[in-house]
Engineer: 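The structure under discussion is supplied below as structure tokens; questions concerning it will follow.
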Amino acid sequence: MPSIELQIENGVAKITLNRPETFNSFNREMALLLQKTLEECSANPEVRAIILTGSGKAFCAGQDLKEVTSPELNLGFRKILEEHYNPIIERIRAIEKPIIAAVNGVAAGAGANIALACDIVVASEAASFIQAFSKIGLIPDSAGTFFLPRLIGFQKASALMMLGDKVSAKEAEQLGMLYKVFSVETFQEEVIALGKQLAQMPTKALGLTKRLLNQSLIHTLEEQLAMESELQIEAAESEDYAEGVNAFIEKRKPAFKGK
């Protein structure tokens with residue numbers, strides 16, 4: 001059984017973390033395969049939106065501790081971070097297509113922070129988030145210290161990371177960690193609908209928006225305004241812009257092609 005499953009339909013790539021017996025915790029095989037799968041989705045012009053989710057009861061429980069406690073498997077934290085988690089985060093942010101984290105169950109440790117690095121985070125009512133690192137004497141990784149304070153504020157992020165509190169999906173929504181919470185019964189249907197909606201939108205413009213949001217985290221106001229000007233000109237040269245304007249004038253629904 002592959003540790004990563006990929007399904008592509010209607011312009012939407014659904015990537016499923018598939019080690020349910022370990023709550024989809026990462027070993028080396030799954031980490032490297034996820035990177036490869038993300039690259040494939042990035043390069044495939046048929047893919048215009050990506051969903052990342054988990055199989056079974058969990059989204060992802062972070063690192064498989066068996067791998068770091070077994071002498072024959074332990075690669076060392078430097079290798080795990082530099083070859084597993086950091087490249088995953090970098091790929092998520094570099095792919096100029098919308099990526100939805102569909103958190104179906106518990107998201108702990110690196111699993112929580114990978115979800116938070118995605119463009120849109122939605123969760124089932126059964127989901128929860130936990131910065132579990134302090135429970136075993138570690139510090140948050142996978143860009144958690146970068147994204148979480150920006151999402152919910154320094155004080156809340158500090159407390160959640162130090163105390164290791166479990167946060168329900170509803171609490172996460174109230175804190176600003178995610179976009180929407182869906183019922184357990186409708187979760188899969190809602191996620192697919194959201195993916196299809198994004199896949200029918202102007203992919204070029206969404207990708208440029210993502211690039212701007214990435215840079216907004218480090219830019220001054222002046223630098224951001226200059227980049228907005230540059231990328232708006234690029235967006236205005238796209239086929240989707242022409243289609244969007246024509247559709248508006250003709251009072252019809254635009255048929256964007258992602259170009």
Engineer: Is the shortest heavy-atom distance from the side chain of Arg19 to the side chain of Asp64 under 4.5 Å?
Structural biologist: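 Sidechains of Asp64 and Arg19: in contact.
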Engineer: At their closest point, which heavy atom of Gln63 faces which heavy atom of Phe26, and how far apart are they?
Structural biologist: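 Where Gln63 meets Phe26 most closely, the heavy atoms are NE2-O, 3.3 Å.
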Engineer: Is any NZ, NE, NH1 or NH2 atom of the basic residue among Lys166 and Glu171 found under 4.0 Å from an Asp or Glu carboxylate oxygen of the other?
Structural biologist: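 Salt bridge: no.
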Engineer: Check the side chains of Gln200 and Asn10 for a donor-acceptor pair under 3.5 angstrom, ignoring hydrogens and angles.
Structural biologist: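 Side-chain D/A pair, Asn10 to Gln200: absent.
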Engineer: Ile95 versus Cys41: any side-chain heavy-atom pair under 4.5 Å?
Structural biologist: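 Not touching, per the 4.5 Å side-chain cut-off.
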Engineer: Considering non-hydrogen atoms only, spot the tightest contact between Ala58 and Val106 and give its length.
Structural biologist: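 Closest pair (atom of Ala58, atom of Val106, distance): CB-CG1, 3.6 Å.
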Engineer: Return the CG to CZ distance between Leu151 and Phe147, rounded to the nearest 0.5 Å.
Structural biologist: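 So the CG of Leu151 and the CZ of Phe147 are separated by 8.0 Å.
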Engineer: Does some side-chain heavy atom of Ile89 sit less than 4.5 Å from a side-chain heavy atom of Phe146?
Structural biologist: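 No, every pair of side-chain atoms sits at 4.5 Å or beyond.
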Engineer: Applying side chain to side chain contact (heavy atoms under 4.5 Å, CB included) between Leu6 and each of Thr37, Ile50, Leu38, report the one that passes.
Structural biologist: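 Only match with Leu6 under side chain to side chain contact (heavy atoms under 4.5 Å, CB included): Thr37.
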Engineer: Quick one, Lys204 with Glu239, criterion salt bridge (charged side-chain N to carboxylate O under 4.0 Å, His left out). Give me CA distance, side-chain angles, the key distance, then yes/no.
Structural biologist: CA-CA 9 Å; Lys204 176 76 172 178; Glu239 293 179 21; over 6 Å; no
Engineer: Before giving the answer on side-chain hydrogen bond (donor to acceptor under 3.5 Å, both in side chains), spell out for Asn18 and Ser55 the whole-Å C-alpha distance, their side-chain angles and the decisive distance to 0.1 Å.
Structural biologist: CA-CA 5 Å; Asn18 191 38; Ser55 63; 3.0 Å; yes
Engineer: How long is the straight-line distance from CG of Leu212 back to CD of Gln224, given to the nearest 0.5 Å?
Structural biologist: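 One gets 5.5 Å once the value is rounded to the nearest 0.5 Å.
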Engineer: Are the charged groups of Glu9 and Lys14 less than 4.0 angstrom apart, N to O?
Structural biologist: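 Here Glu9 does not pair with Lys14 in a salt bridge, since their nearest N and O are not under 4.0 Å apart.
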Engineer: Is any side-chain N of the basic residue among Glu96 and Arg211 closer than 4.0 Å to the acidic one's carboxylate O?
Structural biologist: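 Answer for the salt bridge query: yes.
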